[in-house]
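Here is the structure we will look at.
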Amino acid sequence: MARGKNKKGTEGIKQTRLIPSVPFLLLFLAFALPMLANAQVQRTGDYLSKMDRDGDGKVSLAEYQDWLTYAFDGMDRDRDGMLSAAEQPGGKGQPLTREQHRARLAERFRKQDANRDGFLSARELAAPPQ
């Protein structure tokens, strides 16, 4: 936006549009998209390496549950192994035990394990939930 005179000759704010050229956009996309895709793979690999405690290049059910149970443990303020309604987001919800939480994680793991080998690869971790 810039200050200037409008058609009536009075002072006001004049809007200007910036329209990038098509060749510029194509050039930008040609260089940016491969870098963005590579960054995603690196982040997934980093995530896998943090979850993969034994370093075998894949994530077992136990490693998956242990890594993702940190959120439950962080919300369980009284450390009784159960999230009361007051400990859950919004202060609402049915009580949830740590065992129930781990069972939900196991179900999610099974859905992510596309090849059904009992482990999650970097690709399976990066895939949207089934």
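What you see is a predicted model; the values in this text were computed from it and never measured. Starting from 1, each residue takes its place in the sequence as its number.
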For this session: Scan residues 93-113 for pairs that pass ring pair (Phe, Tyr, Trp, His ring centres under 6.0 Å), counting only residues two or more places apart or in two chains.
Result: Tyr64-Phe109, Phe72-His101
For this session: Would you please name every residue forming a salt bridge (charged side-chain N to carboxylate O under 4.0 Å, His left out) with Glu107, sequence neighbours left out?
Result: Arg110
Exercise. Do Gln112 and Leu125 come close enough that some side-chain heavy atom pair is under 4.5 Å?
Worked result: no
For this session: Give the minimum heavy-atom separation between Lys111 and Arg116, together with the two atoms involved.
Result: O-NH1, 4.2 Å
Exercise. In chain order, what residues pass the salt bridge (charged side-chain N to carboxylate O under 4.0 Å, His left out) check against Arg108, with sequence neighbours excluded?
Worked result: none
For this session: Name all residues meeting the side chain to side chain donor-acceptor pair (under 3.5 Å) criterion together with Gln100; count only those two or more places apart in sequence or in a different chain, and write none if there are none.
Result: Thr97
For this session: Let me see the working for Arg102 and Leu68 under side-chain contact (heavy atoms from CB on, under 4.5 Å), right down to the final yes or no.
Result: CA-CA 9 Å; Arg102 289 180 71 87; Leu68 293 174; over 6 Å; no
Problem set entry | All side chain to side chain donor-acceptor pair (under 3.5 Å) counterparts of Arg104, not counting sequence neighbours | none
Seminar exercise, completed: So OG of Ser84 and CG of Asp78: to nearest 0.5 Å the spacing works out to 6.5 Å
Exercise. Does Leu83 offer a backbone N or O that forms a donor-acceptor pair with the side chain of Arg77 under 3.5 Å?
Worked result: no
Seminar exercise, completed: Rounded to the nearest 0.5 Å, the CG atom of Asp66 sits from the OG atom of Ser60 at a distance of 7.5 Å
For this session: First locate atom CG of Leu96, then atom CD of Glu87, and finally report the distance between them rounded to the nearest 0.5 Å.
Result: 10.5 Å
Exercise. Can you check whether Lys50's main-chain N or O pairs, donor with acceptor, with Glu63's side chain at less than 3.5 Å?
Worked result: no
Exercise. At what distance, to the nearest 0.5 angstrom, does CG of Asp52 lie from OG of Ser121?
Worked result: 11.5 Å
Exercise. Can you find a heavy atom in the side chain of Met82 that is under 4.5 Å from one in the side chain of Pro95?
Worked result: yes
For this session: Kindly write out the residues that satisfy salt bridge (charged side-chain N to carboxylate O under 4.0 Å, His left out) with Asp73, not counting sequence neighbours, or none if the list is empty.
Result: Arg98
Exercise. Do Met75 and Trp67 share a hydrophobic cluster (ILVMFWY, side-chain heavy atoms under 4.5 Å, transitive)?
Worked result: no
Problem set entry | Inter-residue atom distance Phe119.CZ - Asp56.CG, 0.5 Å rounding | 6.0 Å
For this session: Please name the pair of heavy atoms, one in Ala85 and one in Gly93, separated by the smallest distance, quoted to 0.1 Å.
Result: CB-O, 3.4 Å
Seminar exercise, completed: For Ala106 and Gln65, the nearest pair of non-hydrogen atoms, with its separation, is CB-NE2, 3.7 Å
For this session: Determine, stepwise, if the pair Lys58 / Leu120 fulfils side-chain contact (heavy atoms from CB on, under 4.5 Å).
Result: CA-CA 6 Å; Lys58 53 192 176 184; Leu120 297 181; over 6 Å; no
